[in-house]
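Let me begin by presenting the structure, written as structure tokens, before commenting on it.
If you read the sequence from its start, that first residue is 1, and numbering goes on from there.
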Amino acid sequence: MKHLKFVKLLLPYFLLVIVLFFSYTYFLKDLYWNNVKQSLKIESSLTNQNIKLQKHAAQKNIQALEIEIIGTTKENITVLFGTSKQQVTWQITLKKGKINFSNSIEWTSDYCFIKILNLDTKRSSVRMDYQFIGKN
């Protein structure tokens with residue numbers, strides 16, 4: 001009799017664990033990993049160098065890349081995006097002054113190379129937040 005009560009008591013908890021496991025595996029994991037942003041402080045040491053942005057290791061089947069650039073600068077900034085160091089597939093030019101730029105582009109690669117041109121960070125404070133959007 002006591003054994004049956006114990007089983008009845010544990011059964012809802014066991015079912016809850018199963019539901020949580022499947023919810024995380026099929027729904028919540030994508031939602032979590034697609035909302036974790038990575039940041040890059042843009043400074044003069046990064047000017048004219050290729051920088052590799054990478055997805056999180058748990059992300060799969062990348063479908064988009066979201067970019068947000070915030071800050072102020074005293075001169076125009078050009079940012080080149082590509083799937084390799086030699087190939088430019090997307091380019092943005094930001095005017096001097098206060099910057100509040102955000103965009104989402106179709107992207108299928110697990111990484112992105114960027115190159116920043118025309119940046120004098122002695123008078124600039126710019127931060128780039130990015131996230132790869134994927135479907136597991």
Side-chain angles (χ1 to χ4, degrees):
M1 185 83 157
K2 262 186 167 182
H3 188 327
L4 186 60
K5 285 184 180 181
F6 183 71
V7 170
K8 285 182 180 181
L9 179 68
L10 285 182
L11 186 62
Y13 293 112
F14 180 71
L15 292 175
L16 179 65
V17 168
I18 291 173
V19 167
L20 289 175
F21 173 76
F22 284 108
S23 295
Y24 175 77
T25 303
Y26 294 107
F27 305 109
L28 300 176
K29 183 171 56 171
D30 289 342
L31 183 67
Y32 173 75
W33 284 114
N34 287 333
N35 288 311
V36 177
K37 289 187 177 181
Q38 301 179 59
S39 289
L40 175 68
K41 183 173 170 69
I42 298 175
E43 51 192 33
S44 61
S45 63
L46 300 178
T47 302
N48 294 324
Q49 291 186 11
N50 286 310
I51 304 160
K52 186 176 182 180
L53 309 178
Q54 287 189 306
K55 68 175 182 70
H56 291 286
Q59 287 182 307
K60 296 179 182 165
N61 303 324
I62 299 301
Q63 298 173 348
L65 175 62
E66 291 184 357
I67 302 283
E68 182 177 6
I69 301 175
I70 298 172
T72 57
T73 182
K74 298 291 184 186
E75 62 181 31
N76 295 342
I77 299 174
T78 302
V79 184
L80 308 173
F81 296 86
T83 55
S84 69
K85 293 179 182 180
Q86 295 80 20
Q87 181 182 11
V88 175
T89 56
W90 193 55
Q91 169 183 329
I92 58 170
T93 301
L94 304 167
K95 292 186 177 183
K96 62 183 174 182
K98 187 174 181 178
I99 299 171
N100 190 4
F101 173 83
S102 63
N103 200 352
S104 178
I105 60 172
E106 186 177 323
W107 199 264
T108 56
S109 178
D110 292 347
Y111 51 86
C112 173
F113 287 95
I114 66 168
K115 190 172 195 175
I116 301 159
L117 307 174
N118 310 331
L119 181 64
D120 178 18
T121 56
K122 293 178 185 171
R123 298 173 289 176
S124 300
S125 173
V126 182
R127 184 185 85 237
M128 182 173 72
D129 296 329
Y130 65 94
Q131 62 186 3
F132 290 88
I133 306 296
K135 182 72 176 150
N136 289 340

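- Of all heavy-atom pairs between Ser104 and Glu66, the closest is OG-CG, 3.6 Å.
- Rounded to the nearest 0.5 angstrom, Ile51 CD1 and Leu80 CG are separated by 11.0 Å.
- Between Lys95 and Ile99, the shortest heavy-atom distance links the atoms O-CG1, 4.0 Å.
- Between Ile92 and Phe101, the closest heavy-atom pair is CD1-CE2, 3.6 Å.
- Interatomic distance, CZ of Phe132 versus CG of Asp110, reported as 8.0 Å (0.5 Å rounding).
- Closest of all the heavy-atom pairs between Thr89 and Gly82 is OG1-CA, 3.6 Å.
- Taking CD of Gln131 as the start and CG of Leu65 as the end, the distance is 9.0 Å to the nearest 0.5 Å.
- Pairs engaging residues 61-99 under the ring pair (Phe, Tyr, Trp, His ring centres under 6.0 Å) rule: Phe81-Trp90 [sequence neighbours left out].
- Side chain of Asn76 to main chain of Lys96: a donor-acceptor pair is present (N/O by atom type, distance under 3.5 Å, no hydrogens or angles).
- One distance of note links CG of Leu94 with CD of Glu75; it measures 12.0 Å at 0.5 Å rounding.
- Proximity of Lys52 to Asn50: side-chain heavy atoms (C-beta onward) are nowhere separated by under 4.5 Å.
- Taking hydrophobic clusters as Ile, Leu, Val, Met, Phe, Trp and Tyr residues chained together by side-chain heavy-atom distances below 4.5 Å, Phe22 does not share a cluster with Leu16.
- No single ILVMFWY cluster, assembled from side-chain heavy atoms under 4.5 Å apart, contains both Ile116 and Phe113.
- In this structure the side chain of Val79 never reaches within 4.5 angstrom of the side chain of Ile67, judged on heavy atoms.
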Could you go through Leu20 and Tyr24, starting from their C-alpha distance and side-chain angles, then the distance that decides it, and tell me whether this counts as side-chain contact (heavy atoms from CB on, under 4.5 Å)?
CA-CA 6 Å; Leu20 289 175; Tyr24 175 77; over 6 Å; no
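- Put simply, Ile105 and Ile133 are part of two different groups of oily side chains (I, L, V, M, F, W, Y) that touch within less than 4.5 Å, one to the next.
- More than 12 heavy-atom neighbours from other residues, nucleotides or ligands sit within 6.0 angstrom of CD on Gln87.
- The main-chain N or O of His56 is found under 3.5 Å from a side-chain atom of Gln59 such that the two form a donor-acceptor pair.
- Considering all non-hydrogen atoms of both residues, Ile77 and Val126 come closest at CD1-CG2, 4.0 Å.
- With rounding to the nearest 0.5 Å, the separation of CD in Glu68 from CE in Met128 is 11.0 Å.
- Tyr130 contributes atom OH, which lies 8.0 Å from atom CD of Gln54 (distance to the nearest 0.5 angstrom).
- Within the 3.5 Å criterion, the main-chain N or O of Leu53 finds no donor-acceptor partner in the side chain of Gln38.
- Two residues are said to be in side-chain contact when any heavy atoms from C-beta on lie closer than 4.5 Å; Ile62 and Thr108 fail this criterion.
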